[in-house]
Amino acid sequence: MLLLAGIAAVVSYQHMHELARRHGESSMGAILAPLAVDGMIVASSMSILLASRYGRRGGVLPWALLIVSSLASLAANVAVAEPTLIARVIAAWPSIALIGAYEMLMGQIRQSCTPGLVISSAPGAAATDDQRPLESEAGGDHLNQGDEGRELQRLAWRWALANRRPDGTLPPGAVIAAQFSRSSRWGRWVKHLGESGRFHQEP
């Protein structure tokens with residue numbers, strides 16, 4: 001992913017640098033302008049990545065900047081091409097490859113940031129994690145992971161109690177999980193255990 005993104009970034013940079021020089025930019029402006037365009041793609045993607053770790057969608061501004069900067073990069077690459085279909089496709093491809101490779105890389109990082117536990121369902125089961133009751137997963141014993149796992153769950157429950165919302169409700173499971181680098185399902189299970197009084201029953 002990084003190699004592909006690097007190659008595409010270099011070619012895209014050359015195209016935008018050439019375009020800036022054609023339209024009268026100074027040497028310094030022509031050097032910095034491509035970095036501002038593709039750099040905005042990186043910055044907005046990182047903002048969305050950070051928001052996803054805390055169970056949020058990223059907000060309108062990062063998504064808008066990601067879309068606008070992606071379109072600007074694509075348009076700039078196409079603008080330097082000869083006025084033929086093949087030339088424009090060739091010129092556009094580095095920008096498409098850069099955006100695609102970088103977003104796939106961000107997707108992999110999002111998954112690795114919440115390693116959590118892999119929950120296997122019965123073959124043919126169609127229900128999603130949000131639709132499937134927690135109690136149906138063998139009583140959730142597979143989420144305990146021994147003494148250390150239970151202690152981490154108790155710690156997460158104490159954190160949730162200490163960080164109630166202004167209206168008194170507990171944080172969502174995804175937010176609890178993000179604080180401890182676990183999956184959203186793990187956070188929902190911690191919340192379920194705490195609300196059921198399990199942590200008060202254990203020594």
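Checked against salt bridge (Lys or Arg N to Asp or Glu O under 4.0 Å), Arg164 has no partners two or more places apart in sequence or in another chain. Not a single salt bridge (Lys or Arg N to Asp or Glu O under 4.0 Å) links Glu25 to another residue, sequence neighbours left out.
Once rounded to the nearest 0.5 Å, the distance linking CE of Met46 with CG of Leu49 reads 5.5 Å. Atom CD1 in Ile96 sits 9.0 Å away from atom CG in Asn77 (nearest 0.5 Å). Separating the NE2 atom in His17 from the CG atom in Leu35 is a distance of 10.0 Å, to the nearest 0.5 Å. In this structure, the separation between NE2 on His192 and CZ on Arg185 is 10.5 Å, given to the nearest 0.5 Å.
The side-chain heavy atoms of Ser27 and Arg21, taken from C-beta on, include a pair separated by under 4.5 Å. Side-chain atoms of Gln14 and Val80, non-hydrogen and from C-beta on, never get closer than 4.5 Å to each other. Using a 4.5 Å cut-off on side-chain heavy atoms (C-beta onward), Ile31 and Tyr13 make contact. With a 4.5 Å cut-off on side-chain heavy atoms, Arg182 and Val190 do not count as touching. Taking 4.5 Å as the limit, some side-chain heavy atom of Phe180 sits within range of a side-chain heavy atom of Leu155.
When all heavy atoms are compared, the tightest approach of Lys191 to Pro172 is NZ-CA, 4.0 Å.
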Check residues 65-75 and write down every donor-acceptor pair under 3.5 Å in which the side-chain atom is one partner and the other belongs to a residue at least two apart or another chain.
residue, atom, partner, partner atom, Å
Ser69, OG, Leu65, O, 2.6
Ser69, OG, Leu66, O, 3.2
Ser70, OG, Leu66, O, 2.6
Ser73, OG, Asp38, OD1, 3.1
Ser73, OG, Ser95, OG, 2.9

